[in-house]
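The next block holds one structure in the form of structure tokens; read it before the comments.
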Amino acid sequence: MNNSDKIYTLAVAGVQRLIPYKAGKPIEELERELGLTQIIKLASNENPLGPGKKALEAIASALPELALYPDGSGFLLKQALADKYGLDDSQITLGNGSNEILELVARAFLTPEHDAVFSQHAFAVYPIVTQAVGATSVVVPALNYGHDLDAMLLAVTEKTRLVFIANPNNPTGTLLSQSSLAQFINALPDSCVCVLDEAYFEFVNDVEAIDSIAWLNDHPNLLITRTFSKAYGLAGLRIGYGLSSPQMADILNRVRQPFNNNSLALVAALAALSDDEHLQQTISVNTQGMQQLVEGFKDLSLEWLPSAGNFVLVDLKQAGLPIYEALLRKGVIVRPVGVYELPNHLRISIGTKIENQVFLEALTDILADVR
Ligand SMILES: *Cc1c(COP(=O)(O)O)cnc(C)c1O
């Protein structure tokens with residue numbers, strides 16, 4: 001070990017074992033590397049329509065105020081979310097992306113003596129926030145690529161302070177039934193916090209059937225997280241939120257940085273909430289695009305996992321990484337999922353009709369060459 005590497009041995013043991021989160025390749029980076037100009041990115045489950053007009057207008061109007069600190073309480077946005085969901089604003093926590101809410105709950109509840117339970121193939125941020133505070137990740141094998149709730153319940157011990165559940169899950173797109181989730185939460189000991197990550201809930205077909213918010217009444221240990229990054233098209237601004245009991249929100253608020261949400265994010269999210277037209281258009285583009293990709297996979301005799309989100313996992317029946325790289329050379333960025341223990345799959349975010357078509361044509365060419 002050379003001298004500079006010794007620093008690794010000083011890091012928290014769980015951090016030494018972490019593999020850094022690898023984000024979707026930015027368009028600018030691929031441009032620099034390959035000198036391509038026409039690049040499409042279907043790699044990070046972003047909204048292919050971009051932000052809505054109302055959000056963009058709100059951002060423009062707020063620019064002259066940028067010298068001032070934002071409203072650290074996020075009063076107006078919390079009020080709007082409370083109205084939307086029939087909650088009290090004391091039940092809402094705003095985060096710098098919903099990822100920050102995941103980090104807040106880990107910092108508030110986990111210690112090196114505790115563990116967090118989550119599923120194989122679940123969102124990559126769960127081990128990061130868990131191990132960053134020295135706690136232990138307990139990974140439960142997936143069932144048909146989704147969460148095995150019975151096995152997860154069995155994995156909960158008196159050392160378990162958190163359970164993370166992504167519904168729909170990223171990257172697999174699997175969706176748990178509301179009844180199985182309700183059963184799980186009822187059976188979970190009240191010494192354990194259930195984090196229900198609903199980053200993609202707006203895309204769920206039968207969205208009216210999602211009644212997780214009703215469970216908050218009986219479960220002070222439930223934290224639901226949602227985001228403006230996906231359906232609302234504001235990923236670049238970093239804003240998400242937690243819905244919970246007032247007591248849980250109070251705890252998260254204690255560890256939160258005073259100005260964690262920037263002022264542009266706050267006004268844009270508020271405007272986006274009232275832009276139902278943009279949301280509906282987003283959902284409709286997603287539904288059509290999902291159909292288009294699935295038809296394309298059928299034509300290529302490829303299998304895919306039915307997805308409730310704005311992305312789909314395609315099974316290439318061969319290593320995904322070389323196909324990912326070949327797609328890059330054609331200017332199409334998708335997401336390899338080897339770090340999720342899915343080396344033969346690629347995750348494709350649903351794009352516009354043209355983007356989906358460009359991707360399918362590139363994939364067709366590549367597979368014709370390798371087959
Ligand atoms: C994208 C995503 C998030 C959060 O994204 P933010 O941009 O931090 O709000 C959370 N959970 C899952 C499963 C996701 O895919």
Side-chain angles (χ1 to χ4, degrees), residues 14 78 81 85 87-88 90-120 122-140 147-170 176 178 180-199 201 210-227 240-257 260:
K78 278 199 213 168
L81 286 165
Y85 294 126
L87 297 169
D88 192 81
S90 65
Q91 296 181 268
I92 295 166
T93 310
L94 301 179
N96 195 256
S98 59
N99 278 347
E100 192 194 14
I101 307 285
L102 303 176
E103 192 169 284
L104 294 179
V105 72
R107 278 171 38 211
F109 288 94
L110 293 176
T111 77
E113 278 72 56
H114 292 116
D115 65 48
V117 168
F118 51 88
S119 177
Q120 180 192 20
F123 189 39
V125 167
Y126 308 151
I128 296 177
V129 298
T130 299
Q131 290 167 226
V133 295
T136 305
S137 295
V138 176
V139 184
V140 176
H147 295 59
D148 184 345
L149 290 181
D150 293 336
M152 288 178 74
L153 200 55
L154 287 173
V156 171
T157 69
E158 68 278 8
K159 289 176 123 184
T160 309
R161 278 282 184 278
L162 293 185
V163 176
F164 290 102
I165 294 176
N167 199 49
N169 183 44
N170 171 21
L176 292 158
Q178 292 295 289
S180 66
L181 263 178
Q183 243 175 30
F184 177 87
I185 289 163
N186 285 327
L188 193 69
D190 61 7
S191 57
C192 179
V193 171
C194 180
V195 182
L196 185 55
D197 180 345
E198 296 185 335
F201 101 99
I210 302 240
D211 47 14
S212 48
I213 288 179
W215 306 335
L216 291 174
N217 285 328
D218 299 324
H219 299 284
N221 59 333
L222 174 61
L223 172 64
I224 299 166
T225 61
R226 295 182 179 179
T227 181
Y241 54 97
L243 308 172
S244 66
S245 60
Q247 293 83 354
M248 168 78 74
D250 175 39
I251 292 168
L252 300 180
N253 197 46
R254 293 179 193 197
V255 292
R256 175 180 76 80
Q257 294 291 325
N260 60 332

Keeping the roles fixed (side chain from Glu198, backbone from Ile224), state whether a donor-acceptor pair exists under 3.5 Å.
no
Ignoring hydrogens, what is the shortest heavy-atom contact between Val125 and Asn99? Give both atom names and the distance.
CG2-OD1, 3.8 Å
Mind telling me whether Phe164 and Phe118 have parallel, tilted or perpendicular rings, with 30° and 60° as the class edges?
perpendicular
Identify the two heavy atoms, one from Ser137 and one from Gln131, that lie closest to each other, and give their separation to 0.1 Å.
OG-OE1, 2.8 Å
Which heavy atom of Ile213 sits nearest to which heavy atom of Tyr85, and what is that distance?
CD1-CD2, 3.3 Å
I want to check something: taking the side chain as every heavy atom from C-beta on, are Val105 and Thr225 in contact at a cut-off of under 4.5 Å?
no
To the closest 0.5 Å, what do you measure between CD (Glu100) and OG1 (Thr227)?
12.0 Å
Please answer whether the main-chain N or O of Pro220 pairs with a side-chain N or O of Ser245 as donor and acceptor at a distance below 3.5 Å.
yes
Give, for atom CD1 of Ile92 and atom CG of Leu252, the distance between the pair rounded to the nearest 0.5 Å.
12.5 Å
To the closest 0.5 Å, what do you measure between CD1 (Ile185) and CD (Gln178)?
8.5 Å
What heavy-atom pair brings Met152 and Val117 nearest, and what distance separates the two atoms?
O-CG1, 4.0 Å
State, without any angle test, whether Ser191 and Glu158 hold a side-chain donor-acceptor pair at a distance under 3.5 Å.
no
Under a 3.5 Å distance rule, please check whether Asn253 uses its side chain to pair with a backbone N or O of Thr93 as donor and acceptor.
no
Quick check: do Leu162 and Tyr126 have side-chain heavy atoms less than 4.5 Å from each other?
no
All heavy atoms of Ala155 vs all of Thr160, minimum pair found to be O-OG1, 3.9 Å
Let me see the working for Thr157 and Asp115 under side chain to side chain contact (heavy atoms under 4.5 Å, CB included), right down to the final yes or no.
CA-CA 9 Å; Thr157 69; Asp115 65 48; 4.1 Å; yes
Enter the distance from Leu196:CG to Arg226:CZ here, rounded to the nearest 0.5 Å.
8.0 Å
Is a side-chain N or O of Gln91 found less than 3.5 angstrom from the main chain of Ser244, in a donor-acceptor match?
yes
Do you see a donor-acceptor pair shorter than 3.5 Å between the side chains of His219 and Asn186?
yes
Donor-acceptor pair, distance only, cut-off 3.5 Å: does the side chain of Asn96 make one with the backbone of Asn260?
yes
Kindly indicate, with the supporting measurements, whether the criterion side chain to side chain contact (heavy atoms under 4.5 Å, CB included) is fulfilled by Lys159 and Thr136.
CA-CA 10 Å; Lys159 289 176 123 184; Thr136 305; over 6 Å; no
Hey, what do you get for CG (Leu176) to CD1 (Ile165), rounding to the nearest 0.5 Å?
6.5 Å
Does any non-hydrogen side-chain atom of Val133 lie less than 4.5 Å from one of Thr111?
no
Cys192 and Asn221 have their tightest heavy-atom pair at O-ND2, 2.8 Å
Rounded distance [0.5 Å steps], CD in Glu103 versus OG1 in Thr130:
11.0 Å
